[in-house]
4 protein chains.
Amino acid sequence: MKITKDQIFDFNDKNKSSYENDFLNKKLQSQGKNMDEIIQKIIDFQVAIPSWALGAGGTRFGRFSFGGEPSSLEQKLEDIGLIHALTKTAGAVSLHIPWDIPEDIQAIKDIALDNGILFDAMNSNTFQDQPNAKESYKYGSLNSINQASREYAVEHNIEVVKIGEKLGSKSLTVWLADGASFPGQINFQKALYNTEDSLKTIYGNMPEDWKLFIEYKPYEPNFYSTTIQDWGTSFMLANACGDRAYTLVDLGHHLPNTNIEQIVATLMMKGKLGGFHFNDSKYGDDDLTVGAIKPYNLFLIFNELVYGMEQNKHNPYPAWMIDASHNIKDPLEDLIQSLEAILIAYAQALIVDRKALEIAQLENDTVTCQEILQDAYRTDVRGLLKAARVQSGAAIDPLKAYRSFNVRKELINERGTKVVATGL
Amino acid sequence: MKITKDQIFDFNDKNKSSYENDFLNKKLQSQGKNMDEIIQKIIDFQVAIPSWALGAGGTRFGRFSFGGEPSSLEQKLEDIGLIHALTKTAGAVSLHIPWDIPEDIQAIKDIALDNGILFDAMNSNTFQDQPNAKESYKYGSLNSINQASREYAVEHNIEVVKIGEKLGSKSLTVWLADGASFPGQINFQKALYNTEDSLKTIYGNMPEDWKLFIEYKPYEPNFYSTTIQDWGTSFMLANACGDRAYTLVDLGHHLPNTNIEQIVATLMMKGKLGGFHFNDSKYGDDDLTVGAIKPYNLFLIFNELVYGMEQNKHNPYPAWMIDASHNIKDPLEDLIQSLEAILIAYAQALIVDRKALEIAQLENDTVTCQEILQDAYRTDVRGLLKAARVQSGAAIDPLKAYRSFNVRKELINERGTKVVATGL
Amino acid sequence: MKITKDQIFDFNDKNKSSYENDFLNKKLQSQGKNMDEIIQKIIDFQVAIPSWALGAGGTRFGRFSFGGEPSSLEQKLEDIGLIHALTKTAGAVSLHIPWDIPEDIQAIKDIALDNGILFDAMNSNTFQDQPNAKESYKYGSLNSINQASREYAVEHNIEVVKIGEKLGSKSLTVWLADGASFPGQINFQKALYNTEDSLKTIYGNMPEDWKLFIEYKPYEPNFYSTTIQDWGTSFMLANACGDRAYTLVDLGHHLPNTNIEQIVATLMMKGKLGGFHFNDSKYGDDDLTVGAIKPYNLFLIFNELVYGMEQNKHNPYPAWMIDASHNIKDPLEDLIQSLEAILIAYAQALIVDRKALEIAQLENDTVTCQEILQDAYRTDVRGLLKAARVQSGAAIDPLKAYRSFNVRKELINERGTKVVATGL
Amino acid sequence: MKITKDQIFDFNDKNKSSYENDFLNKKLQSQGKNMDEIIQKIIDFQVAIPSWALGAGGTRFGRFSFGGEPSSLEQKLEDIGLIHALTKTAGAVSLHIPWDIPEDIQAIKDIALDNGILFDAMNSNTFQDQPNAKESYKYGSLNSINQASREYAVEHNIEVVKIGEKLGSKSLTVWLADGASFPGQINFQKALYNTEDSLKTIYGNMPEDWKLFIEYKPYEPNFYSTTIQDWGTSFMLANACGDRAYTLVDLGHHLPNTNIEQIVATLMMKGKLGGFHFNDSKYGDDDLTVGAIKPYNLFLIFNELVYGMEQNKHNPYPAWMIDASHNIKDPLEDLIQSLEAILIAYAQALIVDRKALEIAQLENDTVTCQEILQDAYRTDVRGLLKAARVQSGAAIDPLKAYRSFNVRKELINERGTKVVATGL
């Protein structure tokens with residue numbers, strides 16, 4: 001299925017009365033801000049969709065299937081193409097190996113090009129044993145006490161880089177499940193040593209224009225310890241690897257109440273924030289729709305990201321990705337809702353009156369500091385998003401358009417109801 | 001110090017261009033809502049200010065003093081009068097005994113009347129030993145293994161009711177610090193039995209038109225166990241006392257990640273939500289400005305409160321109070337910010353399209369359910385608040401007015417910089 | 001495979017020097033305690049093994065298979081028989097329908113009888129859709145807004161009771177995944193109303209000598225709200241159902257830092273603790289080996305259980321069950337370790353000097369209260385367990401015996417390496 | 001008051017039958033361990049007592065006084081002398097400036113010498129404003145946006161070092177309350193930059209044989225952000241300062257569920273664990289008696305500390321201190337209980353069969369790994385502590401001795417009931 005420009009144009013024409021920005025424009029002008037520049041920044045913001053997020057997700061208690069899931073990499077790209085056509089914000093894909101090994105590289109590249117999709121960071125998988133695997137990751141991969149498992153995992157990562165090179169990707173994201181479910185199970189120091197050693201080998205085998213993103217996570221699927229448990233460990237490992245190794249922050253990978261925006265600020269200050277994975281959660285790594293639970297926190301994080309992108313020029317432009325699971329909702333609808341929440345938080349961060357904030361901070365005027373952030377956050381910026389979409393050729397209301405175009409019904413017609421996408 | 005109607009009128013005249021509601025009005029109309037009715041509900045919403053919130057608060061690591069603190073109950077009422085003059089939302093006070101024992105009842109009542117302030121729930125204090133106290137609460141009060149401490153605490157509560165009666169209050173809020181800091185310290189069953197017994201005695205000694213509000217809290221100042229640790233315990237005790245005993249929910253009194261809005265819904269369904277204390281927090285009972293950390297959660301709670309006030313007519317209209325501490329900010333500014341956040345969340349809950357939500361829930365259309373709540377939440381409702389204020393005679397921007405009237409400076413001139421208000 | 005009495009006898013003979021109780025005996029005597037009575041209580045303590053715990057568990061990130069898993073209900077009973085032969089503590093099974101629908105009732109009963117295994121509480125499953133299910137539980141079961149789903153779930157529970165009746169079970173455990181992953185998804189009040197209504201129907205359809213156990217859990221697999229989120233909700237529902245409805249406490253089903261021992265004490269005081277599920281966790285419902293993470297907390301809970309069993313005669317003897325998952329370890333070894341941890345905590349609770357504790361509590365001598373609990377906990381009670389085992393005919397060191405008898409190897413020989421047991 | 005050697009000798013003589021180590025000795029021998037060496041290590045282990053821990057602590061809800069509190073530095077040293085006489089484990093004091101500014105240096109040194117007490121790390125205080133302070137720390141100290149506050153705080157730390165030099169201390173512990181209670185209040189990057197800059201200045205002003213210990217804490221007294229929020233930030237700052245700057249870990253300064261033992265292992269591996277503060281907690285920084293809530297966790301931490309002290313020779317021997325608060329208990333009794341819990345955990349860690357553990361880890365035999373740790377932990381090591389005490393001249397049962405010598409009564413006689421010690 002394809003959504004045409006004409007469909008979008010017609011849709012926008014029918015819904016054009018759904019916003020207005022005059023009052024906001026005046027306010028922004030009074031702060032010396034140019035609304036058009038802000039709208040352009042919203043247009044430019046692109047978020048990668050991971051290939052595993054297009055099918056129904058599950059929990060350990062089971063999985064409820066969803067019709068019309070993509071059964072091939074081609075169909076996954078097609079799905080992202082649909083989202084991108086509707087939003088013009090999803091112009092990248094993040095592939096996962098071995099779920100997405102392309103058979104015909106050129107064909108895959110053509111589909112991506114046709115849909116306006118770039119190949120963002122590649123993802124390796126050393127947390128599951130594949131059928132006929134020579135070594136097992138049951139007790140660890142890059143951190144393993146068994147040299148053979150370690151080497152097998154390193155080789156896999158190098159293989160992932162090679163596939164990525166052919167597709168035009170420029171970075172590798174390493175997320176490790178490595179750790180322990182019971183005290184005593186592993187030697188912390190050896191596990192960390194082995195992880196560093198393995199990562200260095202992978203880093204040394206990447207092309208010179210590639211970046212390495214090192215994720216961290218405090219627990220799950222191991223429930224006592226994760227070897228890269230926090231940003232401090234990831235940061236230490238990235239420093240050990242080299243200049244092109246970075247920490248990657250995933251919103252859900254933190255202990256309760258962690259101040260994530262402060263971690264973001266610290267990493268950008270040190271030039272080590274490589275990427276950011278969006279989702280939302282109330283309890284743990286719940287992988288819910290972005291902005292569904294704690295939207296103010298998302299705004300505070302974007303507030304630091306925007307500041308860092310302006311002030312910390314030594315930090316590379318971060319890789320953005322949605323890393324959510326879709327147990328209940330249509331995955332494409334969920335992703336559209338996530339993109340909306342991301343852009344809202346970004347737009348709110350863009351309209352923060354930073355000059356006034358700096359002055360209030362200098363004066364320790366805490367009340368005014370809070371007012372400035374809340375003023376931006378309480379502003380309804382959806383008109384800015386709509387203006388950006390009209391300009392970029394996206395649907396003015398992507399979710400409504402998705403439904404009015406009967407996308408899911410079409411996909412079920414094309415693909416059937418019993419397909420299961422590769423992924424979790 | 002007094003703020004006059006003329007001052008407010010002049011201020012509003014100068015700031016009248018700061019909002020517009022036309023676009024929102026059209027949207028509300030399309031949902032069959034009447035904006036004027038919503039504005040009237042915002043005007044009618046009144047929140048009690050606790051007498052202990054008008055001075056600088058502290059932490060166990062110390063306290064930074066603040067100039068112009070009120071040194072008497074009269075001055076506390078004067079402070080609330082200032083907030084109420086600016087906001088027209090703070091038309092009630094919640095007194096704390098023994099910090100606020102009135103010497104001249106009629107004089108106090110006159111000041112309150114003059115400032116448009118009602119006497120909301122009375123608060124007893126059995127968590128501190130007063131100088132010359134005959135019995136100690138060090139090891140508990142209403143739950144104590146010592147009959148003498150228990151009786152002393154019961155008598156104190158009865159005394160608080162008597163003072164409240166004279167002032168025109170109609171309810172007693174009991175918050176207990178009772179519990180244990182170490183395993184084994186108390187017998188859980190005996191402590192609960194004693195608490196129930198003590199509360200029944202207090203309940204039996206209240207006038208027949210009074211209500212009893214029973215707070216709960218999982219920890220602090222005891223760090224192993226609190227005898228009334230959760231809503232389930234409070235609810236059980238309220239049922240044991242009788243029809244006019246209710247559970248009181250304080251936002252900060254929950255374990256990490258608790259779904260508070262669901263507790264609110266359950267209590268209202270059972271007709272047992274007596275009151276609600278507003279504040280905000282990131283870690284524990286941090287007592288920060290309302291809406292400063294988790295505004296979406298506040299909205300979700302108001303969403304249940306509004307639903308319950310409409311649907312659960314057997315539940316009494318809840319008592320609202322701000323229960324925050326002011327370690328950094330000017331207490332009056334903090335309270336004004338809290339009132340703003342409360343009204344915003346309330347207004348957002350009022351504009352939720354409940355009919356559409358009910359349909360989406362019936363169809364298990366989770367995506368649309370989320371859209372409906374988010375649509376209300378993402379709306380900038382500050383124009384509604386401003387319209388309400390213009391109508392009610394409050395300042396259109398209370399915080400700006402507070403500063404432009406130099407309130408704190410005036411208070412310091414009147415009272416000095418070294419006064420310390422009674423309270424925590 | 002079967003373990004014979006002779007094998008056990010030989011093993012015990014070779015390992016008889018591995019403990020001594022003389023010093024402990026003297027200490028217990030000085031407190032007026034009879035060591036033989038304590039040993040008898042340890043012998044009498046029996047814990048049900050759930051049928052789903054005998055195969056390898058998994059997380060949402062995958063599953064690592066384990067050789068020799070049971071592929072039928074018969075083999076599951078055989079596995080429990082092995083554990084029971086080694087420990088004499090696992091004399092019951094808790095079945096799960098539909099994973100364990102017996103084809104030949106009498107044959108199953110014979111195997112159980114032969115292995116000394118009773119049929120403890122039956123477990124229903126309304127959190128997964130079975131192939132060819134007429135209704136879906138994707139959006140809820142007993143709480144569902146859809147009458148058809150609700151009725152389907154009620155019927156399933158009644159069917160489970162019927163199967164249980166034939167086997168000789170006397171209770172039904174209901175654990176519900178029902179809830180919501182997103183704000184707005186369900187109407188809290190309607191969901192609770194429907195749950196109560198469904199449970200009452202199930203309760204009304206149970207034989208008069210059956211008990212209903214209602215579990216609670218704050219989150220997972222739903223990540224925003226669980227309809228029966230806490231003990232308070234479960235307790236309220238149990239009261240609504242009737243005298244034979246009880247709350248069931250699962251260790252892992254609590255928010256961070258919850259004081260579970262206090263919940264146990266409250267429920268026993270009210271005669272409403274129906275059962276208890278053992279496991280351990282560091283972060284959430286991690287389902288780790290009992291006692292692997294927080295053994296002192298387990299002791300404190302047993303301290304309340306022992307007190308309640310002595311003092312609260314109106315509370316029925318609770319149903320005990322291990323509810324853990326085995327992602328890394330041999331399930332049988334994991335269960336043996338769990339049983340060991342349970343008996344250790346139980347034995348420690350049995351040797352608490354309760355008379356001295358009561359006196360210290362009366363005197364508010366917190367230091368001594370703590371000393372008394374710690375004295376019991378710091379005592380090495382493994383000698384008591386060994387004495388109990390020698391007396392009951394269990395292996396003096398069950399785990400060592402399991403390995404020396406090559407049980408897993410035998411099971412793999414009999415059943416192969418690629419079987420997957422039904423369950424999570 | 002002084003406790004004499006004769007008193008101790010008499011006490012021990014009367015209580016000598018309270019332990020036996022024969023069975024344990026055999027077991028240790030079978031693992032190739034020498035019990036006498038273990039006992040010697042227990043004797044050698046010394047923990048600093050902070051000067052502020054000798055009086056009653058409080059919470060923000062108040063403070064219950066305690067008789068016989070020390071009113072001077074001399075009396076504080078006397079109190080520590082009493083604890084040390086009873087335990088022979090408390091041979092050091094950690095002073096806090098400005099609460100403990102010595103008037104007569106030599107006199108203080110003499111008292112310390114007389115009581116066998118060394119001067120461990122000095123503690124500065126930039127979280128409170130002292131009367132007549134020239135600058136305020138209300139909005140921060142080393143992190144402050146105000147240069148004057150920053151410089152004032154730096155100077156204070158340098159002053160603390162100078163006092164410490166005179167007394168013979170060799171290290172400075174910096175704990176900062178610096179942070180923010182509200183989003184926007186501070187600029188994270190500037191605050192971190194200023195903190196690093198300030199710490200470097202302090203470091204540069206220390207004598208060359210001094211160490212700098214940098215504490216971290218996620219929250220409290222600021223409730224939104226702490227500038228040094230976690231070990232990663234502290235580690236980064238220590239690296240920026242230089243070789244003699246280290247991270248200091250305080251047990252209570254972590255988010256819920258943090259794997260602290262892994263942090264300890266990482267820091268020792270990197271040679272950067274400078275010190276460790278003992279206490280216990282269930283919810284936050286509760287500052288309860290060591291081992292009162294999570295003793296297994298304490299053991300797991302000691303397991304890493306013992307491993308690190310053996311393997312990581314580049315890491316300096318850590319500074320140990322008890323950092324607890326005493327709201328309910330007699331402070332001296334609480335400290336004696338804490339020392340007991342520390343030595344128990346240490347002894348258990350010393351008897352871990354590390355060779356067997358290494359083999360089990362190599363074989364990924366998770367079950368055996370767990371058994372090895374649990375075997376050590378489940379062992380009653382109190383006999384080892386008693387043997388150590390008999391040998392070192394401490395009381396065989398320090399708490400019992402404390403009470404039988406009527407220490408508190410004596411102190412009240414000497415000092416009165418209304419003294420309040422300086423501190424929190």
Side-chain angles (χ1 to χ4, degrees), chain A residues 138-140 144-146 180-190 192-193 218-219 224-227 229-233 235-236 254-259 261-266 268-270 296 300 303-304 307-308 311-312 352 357-358 360-362 364 366-367 369-374, chain D residues 138-140 144-146 180-190 192-193 218-219 224-227 229-233 235-236 254-259 261-266 268-270 296 300 303-304 307-308 311-312 352 357-358 360-362 364 366-367 369-374:
Chain A
K138 183 171 184 175
Y139 300 107
S144 178
I145 196 86
N146 303 327
S181 276
F182 297 97
Q185 181 183 335
I186 59 169
N187 180 303
F188 290 133
Q189 296 197 14
K190 289 181 189 168
L192 183 55
Y193 178 88
Y219 65 92
Y224 165 64
S225 156
T226 303
T227 297
Q229 71 169 335
D230 51 21
W231 78 267
T233 312
F235 178 73
M236 201 168 73
H254 296 89
L255 291 172
N257 308 334
T258 305
N259 190 320
E261 53 269 33
Q262 188 172 345
I263 293 173
V264 164
T266 301
M268 293 193 92
M269 185 181 169
K270 298 293 171 184
Y296 190 53
L300 293 175
N303 188 43
E304 296 306 320
Y307 179 84
Q311 301 292 326
N312 308 124
V352 167
L357 181 62
E358 193 177 350
Q361 287 171 339
L362 262 168
N364 288 310
T366 304
V367 166
C369 293
Q370 178 179 321
E371 287 290 307
I372 290 166
L373 290 193
Q374 287 185 333
Chain D
K138 183 171 184 176
Y139 299 106
S144 179
I145 197 86
N146 304 328
S181 275
F182 297 97
Q185 181 182 335
I186 58 169
N187 180 304
F188 291 134
Q189 296 198 14
K190 290 181 189 167
L192 182 56
Y193 178 88
Y219 65 93
Y224 165 64
S225 156
T226 303
T227 297
Q229 70 169 335
D230 51 20
W231 77 267
T233 311
F235 178 73
M236 203 168 72
H254 295 89
L255 291 172
N257 308 333
T258 304
N259 190 319
E261 53 269 33
Q262 187 173 344
I263 293 172
V264 164
T266 300
M268 294 193 92
M269 185 181 170
K270 299 291 171 185
Y296 191 53
L300 293 175
N303 187 43
E304 296 306 321
Y307 179 84
Q311 301 291 325
N312 308 123
V352 167
L357 181 60
E358 192 178 351
Q361 287 170 340
L362 263 169
N364 288 311
T366 305
V367 166
C369 293
Q370 180 178 322
E371 287 290 306
I372 290 166
L373 290 193
Q374 288 186 331

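Chain identifiers are assigned alphabetically (A, B, ...) following the order of the sequence lines, protein sequences preceding nucleic acid strands; residue numbering begins at 1 within each chain. Treat the numbers as computed from the prediction; the structure is a model and nothing was measured.
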Separation of A/Lys190 NZ from D/Gln311 CD (nearest 0.5 Å):
8.0 Å

So OG1 of D/Thr366 and OH of A/Tyr139: to nearest 0.5 Å the spacing works out to 5.0 Å

Out of D/Gly232, D/Gly184, D/Ala180, which one racks up the most heavy-atom pairs below 4.5 Å with chain A?
D/Gly184

Please report the shortest heavy-atom distance between A/Pro183 and D/Leu300, naming the atom on each side.
CB-CD2, 3.6 Å

Contact leader toward chain A among D/Gly140, D/Ser181, D/Ser225, where contacts are heavy-atom pairs under 4.5 Å
D/Ser225

Part of D/Ser144 within contact of chain A (heavy atom distance under 4.5 Å)
neither

Any idea which of A/Gln361, A/Glu358, A/Gln370 has the most non-hydrogen atom pairs under 4.5 angstrom with chain D?
A/Gln361

For A/Met268 against D/Gln189, the heavy-atom pair lying closest together
CB-NE2, 4.2 Å

Honestly, the part of A/Thr258 sitting under 4.5 Å from a heavy atom of chain D is both

What part of D/Ile372 is in contact with chain A, defined as an atom under 4.5 angstrom from a non-hydrogen atom: side chain, backbone, both or neither?
neither

For the CG atom of A/Asn364 and the CD1 atom of D/Ile145, what is their distance to the nearest 0.5 Å?
7.5 Å

Are a donor atom and an acceptor atom from the side chains of D/Asn187 and A/Tyr307 found within less than 3.5 Å of each other?
yes

D/Pro218, part contacting chain A, at a heavy-atom distance under 4.5 Å
neither

Chi angles and distances behind the side-chain contact (heavy atoms from CB on, under 4.5 Å) call for A/Glu261, D/Tyr224
CA-CA 11 Å; A/Glu261 53 269 33; D/Tyr224 165 64; 2.5 Å; yes

Dump the intermediate steps for side-chain contact (heavy atoms from CB on, under 4.5 Å) on A/Leu192 and D/Gln262, then the final yes or no.
CA-CA 10 Å; A/Leu192 183 55; D/Gln262 187 173 344; over 6 Å; no

When you look at D/Asp230 and A/Trp231, which way does the side-chain contact (heavy atoms from CB on, under 4.5 Å) test go after all the steps?
CA-CA 10 Å; D/Asp230 51 20; A/Trp231 78 267; 2.6 Å; yes

Does any heavy atom of chain A fall under 4.5 Å from the side chain of D/Tyr193, the backbone, both, or neither of them?
both

Side chain, backbone, both or neither: which part of D/Asn303 has a heavy atom under 4.5 Å from chain A?
neither

Picking from D/Thr266, D/Val264, D/Asn259, what satisfies side chain to side chain contact (heavy atoms under 4.5 Å, CB included) with A/Phe188?
D/Asn259

How would you list, by chain and number, every residue that makes a side chain to side chain donor-acceptor pair (under 3.5 Å) with D/Lys138, sequence neighbours excluded?
none

Taking every non-hydrogen pair under 4.5 Å, which of A/Val367, A/Leu357, A/Val352, A/Ile186 racks up the most with chain D?
A/Ile186

